[in-house]
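What follows is a set of notes on a single structure, which appears directly below.
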2 protein chains.
Amino acid sequence: MNQLKKYFDDFHVISQDSFEKIEKITTQLNLKKKEELQAIGKTCKTIYFLEKGLARIYYLKDGNDITDNLILENNMIVRVESLFRNQPSRKAIEVLEDSEIIAIDAQKLMNLYDENPQIERLFRKIFEASHVETINRIESLQFHSAEERYKELIEKHPEVIKRVSLKHIASYLGITQVSLSRIRAIQN
Amino acid sequence: MNQLKKYFDDFHVISQDSFEKIEKITTQLNLKKKEELQAIGKTCKTIYFLEKGLARIYYLKDGNDITDNLILENNMIVRVESLFRNQPSRKAIEVLEDSEIIAIDAQKLMNLYDENPQIERLFRKIFEASHVETINRIESLQFHSAEERYKELIEKHPEVIKRVSLKHIASYLGITQVSLSRIRAIQN
DNA sequence: AAATTCCTTTAACAAATGATAAAAAAGAAG
DNA sequence: CTTCTTTTTTATCATTTGTTAAAGGAATTT
């Protein structure tokens with residue numbers, strides 16, 4: 001919980017009282033590697049904070065498993081397109097390592113927004129940061145080669161290469177695993 | 001202005017009084033085709049609403065002009081990565097047709113947030129919708145072929161093909177204009 | 001430890017896209 | 001209308017990435 005408080009403070013400082021209100025609508029989850037957090041087809045009604053571990057959001061395209069997003073500890077895990085539209089998601093969330101997660105009930109959080117604008121502001125800023133990351137990723141996918149994208153990932157999150165299978169990294173980068181393997185071979 | 005009110009209502013209904021507060025921090029801009037709205041290197045301090053016309057956000061990569069985003073009338077034009085981080089943007093905004101624009105002062109808007117949470121909520125929802133669009137675009141760039149992306153654009157915004165030069169559409173889709181021309185040739 | 005399954009690499013070939021150059025078409029300017 | 005500029009298409013060749021198949025490694029299960 002202390003970790004969550006710290007995470008919040010980087011975006012917007014709220015009172016201890018406000019924090020406790022948020023605390024009251026959370027539950028603690030502990031998942032084993034490969035367990036599913038949210039299933040395809042369900043509407044996102046929970047916002048997760050990953051205290052420890054590693055998660056990914058993925059979906060199926062023509063039977064292929066495509067990693068849409070990788071989430072490291074100390075980050076939120078949210079199927080944004082489902083939460084914001086209140087629609088079923090074609091995406092699922094699973095953890096890739098044993099993980100400790102704080103689950104925040106989205107509906108109760110919206111209720112907190114009504115009584116406490118500071119909480120609404122906090123989450124607005126959290127999602128704004130995630131929005132910016134998404135925009136930067138577009139630029140990378142739009143006009144960087146697969147090799148450049150791989151190098152960018154290594155530079156930004158070197159630990160990811162060690163913790164996530166190359167299969168998932170490949171689809172995250174928008175290429176096949178064979179192609180990624182080829183790129184890695186050239187690098188050495 | 002009435003148009004802006006209508007646009008707002010689709011996201012979150014605010015009181016007439018609140019709307020008038022927003023109105024007070026706006027200015028009207030009329031730009032001729034090809035005129036620049038914001039320059040590369042400037043920090044985004046204004047949120048624009050495009051009442052009439054057509055705009056694009058672009059940047060330069062290795063001397064090439066790359067269209068990051070196309071904005072049709074009745075939409076917001078914002079360099080999100082600059083506004084949310086309060087950092088200079090590598091991107092510029094220009095209009096591709098004679099355009100009528102309402103400019104909203106971002107700093108004054110933040111001040112309105114403080115005194116009126118409903119206004120903050122309105123803009124939160126507006127940007128959430130834009131966030132979702134960005135996420136969907138990632139999916140398209142990540143695993144759809146250039147041809148699929150072109151077809152998706154035609155289906156979603158057929159008018160864009162007629163109003164925007166293929167040069168800009170090509171870079172928006174993440175391909176060269178020669179490649180786009182080839183795809184179009186096969187289609188017929 | 002052996003067996004099984006899943007992940008990663010390698011190879012060969014196919015398909016898609018990029019780069020360059022030139023021609024054709026369309027638009028803008030005088 | 002004519003000229004000039006920009007955009008779009010076409011062609012050719014190079015490069016990147018995809019596809020399929022097979023083999024080697026690593027991890028998990030029994």
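Letters A, B, ... are given to chains in the order of the sequence lines, protein chains preceding strands, and every chain is numbered from 1.
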Donor-acceptor contacts under 3.5 Å from residues 125-132 of chain B side chains, at least two apart:
residue  : atom : partner  : partner atom : Å
B:Glu128 : OE2  : B:Arg124 : NH1          : 2.8
B:Ser130 : OG   : A:His131 : NE2          : 3.3
B:His131 : NE2  : A:Ser130 : OG           : 3.3

Only distances under 3.5 Å count here; give the side-chain donor-acceptor pairs of residues 160-176 of chain A to other protein atoms, sequence neighbours excluded, each with its distance to 0.1 Å.
residue  : atom : partner  : partner atom : Å
A:Arg163 : NE   : A:Glu97  : OE2          : 2.8
A:Arg163 : NH1  : A:Glu73  : OE2          : 2.9
A:Arg163 : NH2  : A:Gly53  : O            : 3.2
A:Arg163 : NH2  : A:Glu73  : OE1          : 3.0
A:Arg163 : NH2  : A:Glu97  : OE1          : 2.9
A:Ser165 : OG   : A:His168 : N            : 3.4
A:Ser165 : OG   : A:His168 : ND1          : 3.3
A:Ser171 : OG   : A:Thr67  : N            : 2.8
A:Ser171 : OG   : A:His168 : O            : 3.3
A:Thr176 : OG1  : A:Ser179 : N            : 3.2

[X] [atom1] to [N] [atom2], straight-line distance once rounded to whole Å:
X	N	atom1	atom2	value
B:Arg182	D:dC13	CZ	P	14 Å
B:Tyr150	D:dT8	OH	P	11 Å
B:Gln142	D:dG18	CD	C1'	16 Å

side-chain contact (heavy atoms from CB on, under 4.5 Å) against [X], all qualifying residues, sequence neighbours excluded:
X	value
A:Glu147	A:Ser145, A:Lys151, A:Ile183, A:Gln187
B:Asn74	B:Gln3, B:Phe49
B:Ile40	B:Leu60, B:Ala92
B:Lys32	B:Glu35, B:Asp98

For A:Glu100, check side-chain hydrogen bond (donor to acceptor under 3.5 Å, both in side chains) against everything at least two apart and list the hits.
->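 Not a single residue meets the side-chain hydrogen bond (donor to acceptor under 3.5 Å, both in side chains) criterion with A:Glu100.
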Name the first nucleotide and the last nucleotide along DNA chain C (5' to 3') that come under 4.0 Å of a heavy atom in chain A.
->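 Nucleotide range in contact with chain A: C:dC7 to C:dA12.
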Is there a donor-acceptor contact under 3.5 Å from the side chain of B:Lys42 to the main chain of B:Pro88?
->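 A pair under 3.5 Å: no.
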Using a cutoff of under 3.5 Å, can you pull out all pairs of nitrogen or oxygen atoms linking the protein to nucleotides 23-30 of chain D, with atom names and distances?
residue : atom : partner : partner atom : Å
D:dT28  : OP1  : A:Lys33 : NZ           : 3.4

In terms of side-chain geometry, is the basic nitrogen of B:Lys6 or B:Asp10 positioned less than 4.0 Å from the acidic oxygen of its partner?
->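 Between B:Asp10 and B:Lys6 there is no salt bridge, as every charged N stays at least 4.0 Å from the carboxylate O atoms.
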Joint cluster assignment, A:Leu141 & A:Leu153, ILVMFWY side-chain distance < 4.5 Å |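 In one cluster with A:Leu141: A:Leu153, no.
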Following the transitive rule for hydrophobic clusters with a side-chain heavy-atom cut-off under 4.5 Å over Ile, Leu, Val, Met, Phe, Trp and Tyr, establish whether A:Leu83 and A:Ile22 coincide in one cluster.
->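 Linked, A:Leu83 and A:Ile22 end up in one cluster.
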Overall bend - the helix from C:dA1-D:dT30 to C:dG30-D:dC1, comparing terminal axes fitted on five pairs, nearest 10 degrees =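 That helix gives 50° between its end axes.
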For B:Arg149, what residues pass the salt bridge (charged side-chain N to carboxylate O under 4.0 Å, His left out) criterion, not counting sequence neighbours?
->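 Salt bridge (charged side-chain N to carboxylate O under 4.0 Å, His left out) list for B:Arg149, sorted by chain: empty.
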Describe, in one word, how the ring planes of B:Phe123 and B:Phe8 are oriented to each other, choosing from parallel (under 30°), tilted (30 to 60°) and perpendicular (over 60°).
->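 Aromatic pair B:Phe123/B:Phe8 classed perpendicular.
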Contacting residues from residues 164-181 of chain A, given that a heavy atom lies under 4.0 angstrom of DNA chain D =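 Under 4.0 Å from DNA chain D: A:Gly174, A:Ile175, A:Thr176, A:Val178, A:Ser179.
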